[in-house]
Every structure is written in structure tokens, then in C-alpha cells.
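Read through the structure below, which is laid out as C-alpha cells, and then see the notes.
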Amino acid sequence: MTAVSASLPYQLAGKRVFVAGHRGMVGSALVRRLAAEDCEILIVGREQVDLRDQAAVAGWMADQRPHAVFLAAARVGGIQANATYPADFLHDNLAIQTNVIGAAVATGVEKLLFLGSSCIYPKFAPQPIAEDALLTGPLEPTNEWYAIAKIAGLKLCQAYRRQHGADFISAMPTNLYGPGDNFDLAASHVVPALLRKAHEAKLSGAKVLPLWGTGTPRREFLHVDDAADALVHLMCRYSGESHVNVGVGEDLPILDLAEMVCRTVDLDAEIVLDPSKPDGTPRKLLDISRLRASGWRPRRSLADGLADTYRWFVEHAASGQLRL
Ligand code: GFB
């Protein structure tokens, strides 16, 4: 496996950098992070170019000619949204990534980073999960549609690298959270769901916090601003066929997360389990030794990240700017 370099073989300075998915949580964090680089950031709204439309993507890319692309556009959601809309998760993600990656080859993009997800790994992969655990066992059924699309995306990058010499790489982040997250309870991931539920319980004086599943699955959480920093790090320092894991190297049971959320929101409540809801995969702690070896470290603790996300939620909920 190629190592992640400690030096800086690819420079963003002076480059036109397309952030696909700039309105999403990761895309908007990338735009914030790239402001510190001396580059021109290219973005395009869905109303102008639907990334599922091949001709529209090809035309826009041919016109804009980015040097580098962060492919952070995707249909994403929590455990319930994944299980409820399998066709949308598979189709839309295949379309978006195939169109953007194909147009990047056609227009001679120098470097592309494709963003995947830790759900690409087998449900019962040995922990922590190293990159080479890919395709060694069956997937977690609640998100296999999304996982299959993400596996196809990373394979497409590998295939263009082999056949056409394209410098396209893939990063597989663990569960992400932070400002810009989706707080719609039917579609969201666990962190925004619990922050919102705890906040609403506090406002209404309720003394319970409902928790889906058994509370025993373990998850690893990375703040989205740390994730964006790791993605820029990889864009500039990594060039290889294998995807690279991005995480913090620690996980915790969902029940412990719920207790941390109660402390963050300052809610005194009993956590009540709803075992009719799915647990999903029991554990997916990433082995991040490749990324660590290049000197990258996350900056935020989970406690600080939850506080930061909660502040963002309260401010945006008050001003009516949230997806709820
Ligand atoms: O974050 P989450 O929806 O996604 O759920 P996954 C994580 C865990 O939190 C599961 C539990 O065990 C849920 O049952 N949980 C407890 C809750 N209460 C809640 C709640 O109110 N809302 C939610 N959403 N969960 C996703 C995949 O899996 O992870 C995606 O479906 C993607 O494809 C993403 O890979 C990173 O970690 O289970």
C-alpha cells in the first residue's frame, strides 16, 4: 500500500477547486477549510446543475475546468432513511459519482478525492477495521444500498487510475457530525437526532430521552471540521489506489453518547430504549494508522464537538434556517 506522505506532493495554491455538494455538511465544511488555502473554490447549486444529470455535469465541468475536485455530493441519511429509501440511496449515489468522476476524466482534472463511508466494510469486520477488510464479508443490511454505491465509487476511482493514470483517490470517513448536519428526525444520523430530542425535552420539561435500538452498538464520531481538514490533508499528501480511513480511533456505546448529549444540553432525563428500532452494525471502529502515520490528528474532543454542534443547532433553529 502506498503511504500517506508527510510532505506536500500536490499543492492547491493557485488551483480551481470544485467542491461538489457544497451545501451538505461535509461540503460546507470543506468550503470553510479551503478558505485557508490560496485557491479558487468552485461551487454550483442543484437548481443550476443536478449532479444526477450526466449531460448537465459534463457541460458544467467542460465550461469550468477545475484542476481539483472534492466529491462530497451524495444522498445521505441515518439508519432509518437508508432502510426506507434503498432505491434512492443506490441510484442517486451511483449517478452523482459516475457523472462527476466521468466528467473529471473527460476534462483532465489533475486530482479528485471521492468521499465514501465506513459502512462499506463487512458488518462483522475485525475491529479496528483496516482498509483491506473491504469485500471480505456481507454488508450490514440497513445500509447495503448506500454501501454498494460507495464501493462502486471507490472502485471507479481505482479503475480510472489503472486504465487512464488519473490521480483519483478515496477517503472513507467514520460517522460524521457537526454544524450543517440534518436535524430531521426521520432522516438524520444519531448525533443530530439526540441533540434535537434532548433540546425539545428540555424545552417541554419532559423527563425522558427516547433512544432507538438497544443502546449497545458502538460508534466512532468525527467532527466535520476535522474531517474536512483530513480530506485536504489527503488531497495534498496522498496518491494511491487504496482508499484511506478517516476517523478518531476511539468509539463508544450509543447509550454513553446519549448520556453525553444530556450533559451537553443540560437535560436531566431518563434514557428510554425503543428496541423496535434497528441497531444496525454492532461496531465499526476504523483503523486509522495510515492517516496517523502521516502526522494528521483530529483537533476536537467529542465533548467539545457536541457543544459546538448544539450551539449551531440552537442558533439556526431560532432563526428558522434548519432542515427539520
Ligand atoms: O447514526 P445512525 O443513524 O447510523 O445510527 P449508522 C447509529 C446508531 O444510533 C444506531 C442509534 O444503532 C441507531 O439505532 N440511535 C439511537 C439512533 N437513537 C437514534 C435516533 O434517534 N436516530 C438515529 N438515526 N439513530 C449510518 C448508515 O449507519 O451511518 C449510513 O445508515 C452511513 O449509510 C452512516 O454509513 C455513517 O451508524 O447505524
Side-chain angles (χ1 to χ4, degrees), residues 24-26 72 74-86 88-90 92-93 115-125 127 129 134 139-154 171-178 181-201 208-224 227 243 245-248 251-262 265 269 271-286 302 306 309 313 323-324:
M25 177 175 69
V26 178
R75 178 178 280 273
V76 298
I79 193 164
Q80 181 155 297
N82 269 265
T84 312
Y85 304 106
D88 293 352
F89 275 79
L90 183 55
D92 289 359
N93 287 310
L115 196 71
S117 162
S118 58
C119 69
I120 61 164
Y121 292 115
K123 175 170 182 149
F124 298 113
Q127 309 284 319
I129 313 174
L134 182 67
L139 298 165
E140 153 61 32
T142 52
N143 59 30
E144 65 180 324
W145 322 93
Y146 181 72
I148 292 279
K150 290 294 182 185
I151 293 169
L154 81 85
M172 295 302 129
T174 189
N175 286 36
L176 303 177
Y177 71 99
D181 212 336
N182 177 1
F183 287 82
D184 169 354
L185 293 181
S188 71
H189 289 99
V190 63
V191 169
L194 293 183
L195 284 171
R196 179 178 171 185
K197 287 197 258 188
H199 180 69
E200 291 178 350
V208 291
L209 178 67
L211 193 69
W212 292 0
T214 60
T216 57
R218 298 181 70 93
R219 293 290 184 273
E220 176 185 9
F221 297 101
L222 176 66
H223 189 281
V224 71
H243 55 284
N245 288 341
V246 176
V248 294
D251 63 1
L252 79 171
I254 292 297
L255 189 58
D256 292 10
L257 173 73
E259 285 164 0
M260 285 184 80
V261 166
C262 287
V265 174
I271 296 167
V272 177
L273 301 177
D274 176 0
S276 71
K277 290 285 198 296
D279 268 344
T281 197
R283 195 176 186 198
K284 47 179 172 177
L285 176 65
L286 292 180
L302 182 55
L306 289 175
T309 309
F313 169 73
R323 286 184 284 162
L324 291 176

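Read the numbers this way: they start at 1 and go in the same order the structure lists the ligands and their atoms.
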Just jot down the side-chain hydrogen bond (donor to acceptor under 3.5 Å, both in side chains) partners of Asp256, sequence neighbours excluded, or say none.
-> none

Just wondering, more than 12 heavy atoms not from Trp145 lying within 6.0 Å of its CH2?
-> no

Quick one: which residue pairs count as a side-chain hydrogen bond (donor to acceptor under 3.5 Å, both in side chains) with a foot in residues 214-223, not counting sequence neighbours?
-> Thr174-Glu220, Thr214-Thr216, Thr214-Asp279, Arg218-Asp251, His223-Asp308

For ligand 1, what are the residues with a heavy-atom contact below 4.0 Å?
-> Gly77, Gly78, Ile79, Asn82, Ser117, Cys119, Asn143, Tyr146, Asn175, Ser188, His189, Val190, Ala193, Lys197, Leu211, Trp212, Pro217, Arg219, Ile254, Pro278, Asp279, Lys284

Test ring-ring contact (aromatic ring centres under 6.0 Å, His included) applied to His189 - qualifying residues, sequence neighbours left out | none

Fit a plane to each ring of Tyr121 and His243, take the angle between them on a 0 to 90° scale, and name the class: parallel (under 30°), tilted (30 to 60°) or perpendicular (over 60°).
-> tilted

Any side-chain donor-acceptor pair under 3.5 Å between Asp92 and Tyr85?
-> no

